[in-house]
Each structure stands twice: as C-alpha cells, then as structure tokens.
Amino acid sequence: MINWKEKLMKVVFLAAACVSIAAVVLICIFLFVNGVPAISEIGVFRFLFGTKWKPANHLYGIWPMIVGSVYVTAGALLAGVPVGILTAVYMARFCPRWLYRIMKSSISLMAGIPSVVYGFFGLVVLVPFIRETFGGRGMSVLTASVLLGLMILPTIISVSETSIQAVPQSYYEGGLALGASHERSVFYTVLPAAKSGIFAGVVLGMGRAVGETMAVMMVAGNQAVIPRNLTAGVRTLTTNIVMEMGYSTDLHREALIGTAVVLFLFILIINLSLSMLKRKEKE
Amino acid sequence: MKSAIIQKWKGYKNDPKSFGLFSAVFLAMLITMTALLFVIVYILVKGVPHLTPDLFAAKYTSENVSLMPALINTLLMTALSLLFAVPVGIEAAIYLTEYAKHGNKLVVLVGRTAETLSGIPSIVYGLFGALFFVKYLGFGLSLLSGALTLSIMILPLIMRTTEEALRAVPDSYREGSFGLGAGKLRTVFRIVLPCAVPGILSGVTLGIGRIVGESAALLFTAGTVAEPAISIFDSARTLSVHMYSISGEGLYIEQTYATAVVLLIVVIAINALSDYIAKKFFK
C-alpha cells in the first residue's frame with residue numbers, strides 16, 4: 001500500500017518537473033506554426049529587411065522595428081549600465097551597514113514596480129521634459145532609452161552586487177597590502193575578478209530591455225519608421241505586436257506572430273549567451 | 001571617528017584618482033536612489049489627493065472610473081495563478097532535489113528550460129496564451145486563460161526558490177527521518193518541506209509581485225472587461241491592465257495617478273512582506 005503511494009507520487013513529481021519542458025515546447029510550436037508560414041508567404045528577406053510596415057497595403061517589413069529595438073536597447077544599456085555597476089560597487093564595498101539595508105530593499109522595490117507605472121511616469125514626467133529640452137514631440141528613442149535604463153537598473157545592480165560580493169576577500173587585502181588605497185584596490189583587483197558576473201547582469205538587463213513592452217509603448221511614439229535622430233519616435237518589436245494585435249486579422253495577424261518569432265529568437269540568443277557566461281563564471 | 005575622516009581626506013589629497021573613483025560610485029548611488037525616490041514621491045504626491053471614495057465604488061462607470069472591480073479581479077487572478085503554479089513548482093522542485101540523481105540529464109534539461117522561460121518577455125507569453133489557451137483550447141478571453149498564462153510565467157521563479165530552499169535543508173534531517181523508519185514520501189512532506197517553507201514563501205511573494213504588475217501578458221488573454229469576474233470564464237481586467245487602459249484614453253489623468261498610487265501601495269506592501277519573511281526566518 002505505502003509502496004504504491006510512493007511510486008504514484010514519484011510519477012506526479014516527475015510530471016511536474018516536466019511541465020516547464022512542455023511549456024517551452026508548446027510555446028515554440030505555437031509561435032512557429034502560426035508565425036513561420038506568414039514569414040515564408042511574405043518572403044523571409046522582405047519580412048526581415050523590408051523597411052515599410054503598412055498592413056493596409058499588405059507591406060510587412062519589420063526592419064524598422066528591429067532597428068528600433070536595437071536602438072532603444074543600446075540606449076538603455078548606455079544609460080543604465082554605468083550607473084548600475086557603480087551603484088553595485090558602492091553597495092558591495094563602500095556602503096555603511098544602515099544604508100546597505102535601505103538600499104537593498106529599495107532595489108527590490110524598484111524591481112517590483114509594474115511597468116505600466118514606469119510607463120505612466122515616463123509619459124507624464126520624461127516626455128514633457130525631453131520635449132522642452134531637446135525639442136521634437138517628446139516621445140522618442142531618447143525617452144524610451146532613459147526610461148528603460150531606469151527599469152533595468154535593479155537587474156544590473158543586484159546581479160553585479162552579488163558577483164562583487166563573491167570575490168574572495170584576499171584579493172582586496174592583497175591590493176591593500178601592496179599599498180593601494182581602498183578605492184584602487186576595489187577597482188583594480190576586486191572588479192576585474194567579478195567581470196563575468198557583472199557581464200551576466202548586463203546581458204540579463206539587455207534581455208529585459210528587449211522584452212519590455214508596455215512602458216516603451218507609452219513613451220516611444222510608435223511610428224513604424226527607422227528613427228533618424230534621438231528625438232524621433234520609434235517602434236520596437238514588442239510594441240509592434242501589442243499595438244496591432246487587438247484588431248488584426250489574417251496575414252496581418254500572422255505577420256505580428258512572425259514578429260514575435262523574431263523577438264523570441266533574439267531572446268533565445270541572449271539567453272544562450274547568458275548561460276554560457278554563467279558556466280564560465282563557475283569554472 | 002573625526003580624525004579618521006580627516007585622515008581619509010588627506011589621503012585623497014595625495015591620490016586624486018582614488019577620490020575620483022569614490023566620487024563616481026557615490027554619485028551613481030545618489031542617482032539610483034534619487035531616481036527611485038522621485039518616481040515614488042511624484043506618483044504619491046500627484047495621486048493621493050485624487051483617491052476619492054468614487055474610485056472605490058462597487059461598479060465601474062465611465063464617470064467614476066472605479067478601480068474596485070479591477071482590484072477584485074487582481075485578487076482572483078493572483079489566487080488562481082498561484083493555485084496552478086505553486087503546487088506544480090513545488091512538486092517539480094521536490095523531484096529535482098529529492099528524487100533525481102545527481103547529474104541526471106532531465107535535471108539539466110529542466111534547469112535549461114526554466115532559465116529559458118524566465119527570459120521570455122511577457123508579450124510573447126501573452127501571444128502564446130492568446131494562441132493556445134484562448135483559441136486552441138477555447139477558454140476565450142477569460143480569467144482562466146490569463147491565470148494559466150501567468151502561472152507558466154511565474155513557474156520558474158517558484159521552482160528555483162523552492163529548489164534552493166530544499167537544498168538548504170541539511171541531509172542529516174533526512175537521514176534522521178529514514179533512521180526512524182519513515183519512507184521517502186513521509187520524509188519529504190513531514191521533515192524537508194516544513195523546513196523549506198520560508199524560502200518557498202519568499203518565492204511566492206515575488207511571484208505575487210509579478211502577477212500584480214503584469215499587463216502585456218494579460219491584454220490578449222484575460223481581456224479588458226471592467227467588471228468583477230463571476231466565473232473563471234469571464235473576461236477580467238486586473239489593476240495594471242486597468243491603469244493602462246485608462247491612461248491610454250487621456251481623459252482620466254487624475255484617476256490614473258490615483259490608480260498608480262494604489263498599485264504602488266500594493267507593490268510596497270508585497271515587498272515589505274517578503275522582507276519581513278526573509279528577516280524573520282533567515283538571520
């Protein structure tokens with residue numbers, strides 16, 4: 001009797017463990033089955049590198065959105081990475097204990113603020129600010145970059161901080177023993193040792209920035225053309241989907257799913273490099 | 001204390017580079033904390049005055065823009081998603097830590113797929129949910145479709161935190177239990193799992209935070225009907241989706257601020273709860 005129960009539960013546990021595998025397989029199947037035929041109908045080259053997205057005229061080129069995603073993500077990294085890493089260094093090596101506790105919970109709060117709230121904040125604060133300072137309509141590459149930079153800060157900070165903390169204390173002490181100041185010791189011995197972990201944090205932040213949807217949509221302007229300058233509006237892969245999914249039909253709808261396929265492949269590449277980095281760090 | 005500070009300044013005088021490095025990290029910390037504080041204080045200052053009783057009316061109309069139905073739906077959505085994700089996540093983690101042999105291929109595969117799942121952007125989940133739960137399984141735009149989509153989204157989080165918590169339980173506990181004649185199943189449920197409860201709880205609170213903040217994954221799975229869902233097949237907008245909808249209409253800017261306040265308060269409460277759990281159990 002007991003033996004029977006043991007065996008049954010083992011199967012239940014095994015089945016539960018396989019749920020995540022099944023989920024990934026299902027997501028792949030449903031995206032590819034619905035998206036790939038449309039891509040081949042439009043033509044792979046014309047879909048990926050076509051510069052005109054005009055569903056009304058049956059023009060489905062997502063190149064502006066690919067460029068848009070790259071611009072906005074690069075901008076977010078430019079804005080977020082330096083501040084994020086330096087903040088992590090401060091937390092790990094400079095911070096008084098009382099402040100550390102406050103910062104730790106602030107960073108996790110920052111990570112927990114919903115993207116609509118960030119988006120709304122961007123809409124009512126950043127957009128007017130950018131419009132008045134730099135001209136243009138305010139909804140722009142620049143606005144989206146700054147907002148995303150803010151949103152990926154907690155990811156970069158917490159991952160970097162953990163990897164800086166993991167560097168053996170003897171590295172730091174070695175630096176001091178050679179006569180380096182506290183700052184030099186941290187920057188020239190501890191930080192290089194934490195390099196791959198910090199890089200993993202940056203890549204993780206990059207994944208967040210590529211995948212962010214609602215906040216970007218609220219501040220980016222969403223014109224489906226390649227932006228000519230920083231104050232021009234931009235549309236990303238994610239916002240392309242969410243903007244038009246509600247009313248699209250037939251090929252248009254499938255082209256949007258095709259957009260998701262491209263986005264999914266981007267994310268898979270980022271994930272792959274991330275797990276490679278993680279393995280490297282373990283070695 | 002005072003003389004130490006003076007000494008430090010004297011050191012910086014001879015070593016401007018160290019001073020530069022220190023200023024950089026200090027500045028970064030200030031930027032991070034100011035940005036977070038600015039977002040929160042701005043939303044609170046602008047939103048709190050608009051927290052009128054009208055906003056909490058039982059029924060949503062275009063005049064009162066009540067957030068009450070959305071708040072109720074958020075609770076339902078959270079409960080339902082957790083109902084799916086928590087048992088599966090815990091069972092999967094039990095299999096991975098207690099049953100699977102070390103270096104098992106399946107364990108590696110589950111780990112990889114869970115990592116992939118946690119990197120997929122929410123809009124891709126939303127699209128998958130729309131294709132699979134809404135259309136293929138025929139659940140329609142409903143609480144159920146939304147909750148199933150979200151439960152896949154938070155599954156890796158619950159699995160990982162539970163796995164970590166289970167691994168932290170010392171082997172001597174298990175050996176003691178086996179020594180007293182308990183079977184594997186009894187050992188897992190009576191000895192190991194109770195020890196891991198705090199870790200599991202912190203994972204669950206993080207999951208709740210993600211559910212509450214999610215919007216992109218819900219637009220095309222749970223829909224935007226602003227009424228409390230009566231059955232699980234009813235379309236239901238959660239608080240985040242509600243905030244997004246009313247911010248887009250441009251007419252309800254004051255109500256949007258107020259809704260943002262409510263969302264922020266919920267998120268802050270969830271964070272405080274997880275901090276409290278962490279402090280209480282892991283010292």
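All chains are named by letter (A, B, ...) in the order of the sequence lines, taking the proteins before the strands, and each is independently numbered beginning at 1.
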Engineer: Where on A/Ile267 is there a heavy atom nearer than 4.5 Å to chain B: the side chain, the backbone, both, or neither?
Structural biologist: side chain
Engineer: Can you tell which part of B/Ile152 gets under 4.5 Å to a heavy atom of chain A, answering side chain, backbone, both or neither?
Structural biologist: side chain
Engineer: Does any heavy atom of chain B fall under 4.5 Å from the side chain of A/Tyr188, the backbone, both, or neither of them?
Structural biologist: side chain
Engineer: Would you say the rings of B/Phe22 and A/His182 are close, in the sense that their centroids are separated by under 6.0 Å?
Structural biologist: no
Engineer: Verify the ring-centre separation between A/Phe120 and B/Tyr244: is it less than 6.0 angstrom?
Structural biologist: no
Engineer: Go through the atoms of A/Ile85 and report whether side chain, backbone, both or neither lie under 4.5 Å from a heavy atom of chain B.
Structural biologist: neither
Engineer: Using non-hydrogen atoms only, which part of A/Ile113 is less than 4.5 Å away from chain B: side chain, backbone, both, or neither?
Structural biologist: both
Engineer: Go through the atoms of B/Arg210 and report whether side chain, backbone, both or neither lie under 4.5 Å from a heavy atom of chain A.
Structural biologist: neither
Engineer: Between A/Ser108 and chain B, with a heavy-atom cut-off of 4.5 Å, which part of the residue counts as in contact: side chain, backbone, both or neither?
Structural biologist: both
Engineer: Would B/Glu214 and B/Ser122 count as a side-chain hydrogen bond (donor to acceptor under 3.5 Å, both in side chains) if you check the C-alpha gap in whole Å, the side-chain angles of each, and the deciding distance to 0.1 Å?
Structural biologist: CA-CA 8 Å; B/Glu214 189 47 58; B/Ser122 51; 3.3 Å; yes
Engineer: Given heavy-atom pairs under 4.5 angstrom as the criterion, report whether the side chain, backbone, both or neither of A/Ile27 touches chain B.
Structural biologist: both
Engineer: Indicate, with yes or no, if the rings of B/Tyr136 and A/Phe30 have centres closer together than 6.0 Å.
Structural biologist: yes
Engineer: So, is the end of the A/Lys10 side chain (NZ or CZ) under 6.0 Å from the ring centre of B/Tyr95 and within 45° of the ring's axis?
Structural biologist: no
Engineer: What part of A/Val124 gets within 4.5 angstrom of chain B, counting heavy atoms only: side chain, backbone, both, or neither?
Structural biologist: both
Engineer: Heavy-atom pairs under 4.5 Å with chain A: which of B/Ile40, B/Leu127, B/Ile90 has the most?
Structural biologist: B/Leu127
